[in-house]
Amino acid sequence: MMLLTGGLGYIGSHTAVELLDNDQDVVIVDNLSNSQIDVKDKIQKITGKSIKFYEGDVRDADLMDKIFSENKIDTVIHFAGFKAVGESTKIPIEYYKNNIDSTLVLLEAMKKHNVKNLVFSSSATVYGKAKSMPIFEDFPLSASNPYGRTKLFIEEILKDVHAADPSFNIAILRYFNPVGAHESGIIGENPNGIPNNLMPYITRVATKKLDLLHVFGNDYETHDGTGVRDYIHVCDLAHGHLKAAQKLENNPGLVVYNLGTGTGYSVLDMVKAFESSCKVSVPYVIDERRPGDIDTCFASPEKAEKELGFKATRTLEDMCKSSFNFEVNNK
Ligand code: NAD
Ligand code: UFG
């Protein structure tokens, strides 16, 4: 049985579907700080299977003790945390408290209940401004904002935990840019307020909830001057978690994988792909650079392919169409 912390969120909900579709039993704990309770029913509707759900905070040690006592958990996938880079610069203490404390409380509960397999949601942000592309897992790590530092610090904590107990198996997954939604159109990314990320902003412009996309800078060193990223379909990403969890069954110790496609697209590539895939227009203006943004970021997906047998298969068109479908369905 697998425990998903933050399992009602964007990536967690798609991973829950992937795991249930592959006959895994799933328990979710989520405090609903960035998700809605109806996602639980939606996951069950898509899969036709039931999940056990605990509403509460991963930092609540008594709750975690109860969850591990009541369920035969063998693997934990730790999604819970705050994730907005800009917000983290305004309320850093909340970010450190939530992301780091939740991990520490979880690790203590796992230790107490002798649960030794953990998959952790890290981010390509830990590579900072990488020296060259594509990015390999052994590149130097750095962070330029509190959110990124929480991921970096947690990775270090996990290395210490593994060093102290080598029988602890940990897969650190460094996600590139997750986009898209489940093909059913009933779960997807649904940020509150004005979206920070590119794809949810595009879908809201395409559905006329927002007027114009602001393209943050067109003077980067890229083929058209706009920022290049490695967008990966969230259902491919979800499959990567299944593969990582399977890998942990063979006691690999601590392992680190990029989850990306290996291909970079610019902001304008994304706009064009969206317009042609979804037959809608996405008006935009060129604006100032967003502070902290880098020119280019894309993964080497080789290690995950070789060691996990994981390869992203969904196309850019799939990413655009499924994002649009979710936005239209969730008016
Ligand atoms: P999300 O906000 O949609 O999901 C996180 C979930 O965790 C939410 O449902 C929220 O309610 C819950 N949560 C937060 N703090 C909690 C706590 N203390 N106790 C219980 N539940 C809590 O985010 P997501 O996009 O699904 O991201 C999942 C993980 O992946 C996060 O750790 C995030 O930092 C990481 N990540 C995300 C991206 C991305 O672009 N989406 C990229 C790299 C890494
Ligand atoms: N962009 C725009 N306009 C927008 C939003 C974004 O032009 O309204 C541009 C950005 O400048 C960047 C690209 O679109 O060039 C992608 O931006 P996102 O905000 O979608 O994604 P980031 O690459 O900045 O960051 C994301 C997550 C981080 C994570 C990082 C690496 O938000 O949490 O990917 O995984 F750390």
Side-chain angles (χ1 to χ4, degrees), residues 4-15 28-37 39 54-60 63-64 77-86 88 94-95 97-99 101-103 105-106 120-127 135 143-145 147-148 150-151 154 173-179 188-192 194-202 204-205 210 212-218 220 222 226-232 234 237-238 241 258-260 264-268 270-271 284-299:
L4 276 54
T5 74
L8 294 191
Y10 174 45
I11 302 170
S13 58
H14 288 82
T15 303
I28 287 177
V29 57
D30 200 301
N31 65 1
L32 307 179
S33 59
N34 197 34
S35 52
Q36 280 80 40
I37 185 65
V39 173
Y54 293 84
E55 182 179 340
D57 200 299
V58 180
R59 290 169 291 176
D60 178 344
L63 173 65
M64 296 310 287
I77 310 184
H78 183 35
F79 296 104
F82 293 151
K83 63 166 181 175
V85 173
S88 78
E94 280 84 344
Y95 269 69
K97 269 189 94 169
N98 195 33
N99 294 6
D101 285 1
S102 65
T103 306
V105 171
L106 173 66
F120 174 63
S121 297
S122 190
S123 165
T125 197
V126 299
Y127 294 114
I135 296 174
S144 55
N145 57 69
Y147 165 70
T150 68
K151 294 294 175 191
I154 294 167
L173 302 182
R174 296 185 183 139
Y175 311 154
F176 281 67
N177 288 56
V179 295
E189 187 174 18
N190 195 9
N192 289 325
I194 297 186
N196 297 306
N197 297 115
L198 180 64
M199 186 60 100
Y201 206 107
I202 290 180
R204 290 193 189 179
V205 173
L210 292 169
L212 280 175
L213 171 70
H214 295 259
V215 175
F216 298 143
N218 67 347
Y220 284 105
T222 61
T226 66
V228 167
R229 297 289 184 275
D230 185 339
Y231 297 93
I232 175 168
V234 67
L237 195 68
H241 290 77
N258 288 338
L259 293 184
Y265 292 104
S266 73
V267 178
L268 295 182
M270 295 302 285
V271 170
Y284 64 85
V285 283
I286 305 293
D287 220 323
E288 295 292 297
R289 286 183 177 204
R290 183 171 64 180
D293 275 358
I294 51 176
D295 301 56
T296 302
C297 177
F298 61 91

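Because only heavy atoms are used, hydrogens play no part in the values below, and waters and symmetry mates are left out as well, while side chains stay in. Indexing begins at 1, ligand by ligand and atom by atom, following the structure's order. In this text, all values refer to a predicted model and were calculated from it rather than measured experimentally.
Ligand 1 has no N or O atom lying under 3.5 Å from any N or O atom of Tyr175, backbone or side chain. Inclusion of Phe176 in the set of residues having an N or O under 3.5 Å from an N or O of ligand 1 is not warranted. The distance criterion of under 3.5 Å between nitrogen or oxygen atoms is not met by Ser102 with respect to ligand 1. Residue Phe79 places at least one N or O, backbone or side chain, under 3.5 Å from an N or O of ligand 1. Checked against a 3.5 angstrom limit, the closest N/O atoms of Ala80 and ligand 1 fall outside it.
The minimum heavy-atom distance linking Cys297 with Phe176 is given by the pair SG-CE2, 3.7 Å. Taking both residues in full, the closest heavy atoms of Tyr175 and Ser121 are given as OH-OG, 2.7 Å, listed atom of the first, atom of the second, then distance. Listed here is the closest heavy atom pair of Arg204 and Pro191: NH2-O, 3.0 Å.
A side-chain contact (heavy atoms from CB on, under 4.5 Å) with Leu8 holds for exactly one of Asn34, Ile28, Val29; it is Ile28.
Asp57 contributes a side-chain N or O that, together with a main-chain N or O of Arg59, makes up a donor-acceptor pair within less than 3.5 Å.
Heavy-atom contacts of Ser121 reach the following atoms of ligand 1: 29 (C), 30 (O), 32 (O), 35 (C) (cutoff under 4.0 Å). Close approach of ligand 1 to Leu32 (heavy-atom distance below 4.0 Å) involves ligand atoms 11 (O). Interface of Ser35 with ligand 1, defined as ligand atoms under 4.0 Å from a residue heavy atom, comprises 8 (C), 9 (O), 11 (O). For ligand 1, the atoms closer than 4.0 angstrom to any heavy atom of Ser122 are 43 (C), 44 (C). Applying the 4.0 Å criterion to heavy atoms of Ser33 picks out, from ligand 1, the atoms 10 (C), 11 (O), 13 (N), 14 (C), 15 (N).
A tilted orientation is assigned to the rings of Phe79 and His241, their planes being inclined by 30° to 60°. Ring planes of Tyr147 and Tyr95: perpendicular class, angle over 60° (limits at 30 and 60°).
Of all protein heavy atoms, the one lying nearest to atom 19 (N) of ligand 1 is Val58 N, 3.0 Å. Atom 3 (O) of ligand 1 has Tyr10 N, 2.9 Å as its closest protein atom, hydrogens excluded (heavy atom only). Protein heavy atom in closest approach to atom 34 (O) of ligand 1: Tyr147 OH, 2.7 Å. For atom 40 (O) of ligand 1, the nearest protein heavy atom (residue, atom name, distance) is Pro178 CD, 3.3 Å. What sits closest to atom 10 (C) of ligand 1 on the protein, heavy atoms only, is Asp30 OD1, 3.4 Å. When only non-hydrogen protein atoms are considered, atom 7 (O) of ligand 1 lies nearest to Gly6 CA, 3.3 Å. Looking at atom 24 (P) of ligand 1, its nearest protein heavy atom turns out to be Lys83 NZ, 3.7 Å. Nearest non-hydrogen protein atom to atom 17 (C) of ligand 1 is Asn31 ND2, 3.3 Å.
Under 4.0 Å from ligand 1, the heavy atoms of Asn98 that appear belong solely to its side chain. Heavy atoms of Lys151 found under 4.0 angstrom from ligand 1 belong exclusively to the side chain. Neither the backbone nor the side chain of Ala124 comes within contact range of ligand 1; no heavy atom lies under 4.0 Å.
Rounded to the nearest 0.5 Å, atoms OG (Ser123) and CG (Leu259) are 11.0 Å apart.
Contact analysis leaves His78 out of contact with ligand 1, as no non-hydrogen atom separation drops below 4.0 angstrom.
At a cut-off of 3.5 Å, with distance as the only test, a side-chain donor of Tyr127 or Asn258 sits close to an acceptor on the other residue.
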Pairs of nitrogen or oxygen atoms, one from ligand 2 and one from the protein, closer than 3.5 Å: please tabulate them with distances.
{"unit_1": "ligand 2", "atom_1": "3 (N)", "unit_2": "His214", "atom_2": "O", "d": "2.7"}
{"unit_1": "ligand 2", "atom_1": "7 (O)", "unit_2": "His214", "atom_2": "O", "d": "3.4"}
{"unit_1": "ligand 2", "atom_1": "7 (O)", "unit_2": "Phe216", "atom_2": "N", "d": "2.9"}
{"unit_1": "ligand 2", "atom_1": "11 (O)", "unit_2": "Asp293", "atom_2": "OD2", "d": "2.6"}
{"unit_1": "ligand 2", "atom_1": "17 (O)", "unit_2": "Arg290", "atom_2": "NH2", "d": "3.4"}
{"unit_1": "ligand 2", "atom_1": "19 (O)", "unit_2": "Asn197", "atom_2": "ND2", "d": "3.0"}
{"unit_1": "ligand 2", "atom_1": "19 (O)", "unit_2": "Arg290", "atom_2": "NH1", "d": "3.3"}
{"unit_1": "ligand 2", "atom_1": "19 (O)", "unit_2": "Arg290", "atom_2": "NH2", "d": "2.8"}
{"unit_1": "ligand 2", "atom_1": "20 (O)", "unit_2": "Asn197", "atom_2": "ND2", "d": "3.4"}
{"unit_1": "ligand 2", "atom_1": "20 (O)", "unit_2": "Leu198", "atom_2": "N", "d": "2.8"}
{"unit_1": "ligand 2", "atom_1": "21 (O)", "unit_2": "Asn177", "atom_2": "ND2", "d": "3.1"}
{"unit_1": "ligand 2", "atom_1": "23 (O)", "unit_2": "Asn177", "atom_2": "ND2", "d": "3.0"}
{"unit_1": "ligand 2", "atom_1": "23 (O)", "unit_2": "Arg229", "atom_2": "NE", "d": "2.7"}
{"unit_1": "ligand 2", "atom_1": "24 (O)", "unit_2": "Arg290", "atom_2": "NH2", "d": "2.9"}
{"unit_1": "ligand 2", "atom_1": "32 (O)", "unit_2": "Asn197", "atom_2": "ND2", "d": "2.8"}
{"unit_1": "ligand 2", "atom_1": "35 (O)", "unit_2": "Ser123", "atom_2": "OG", "d": "3.2"}
{"unit_1": "ligand 2", "atom_1": "35 (O)", "unit_2": "Tyr175", "atom_2": "O", "d": "3.1"}
{"unit_1": "ligand 2", "atom_1": "35 (O)", "unit_2": "Phe176", "atom_2": "O", "d": "3.1"}

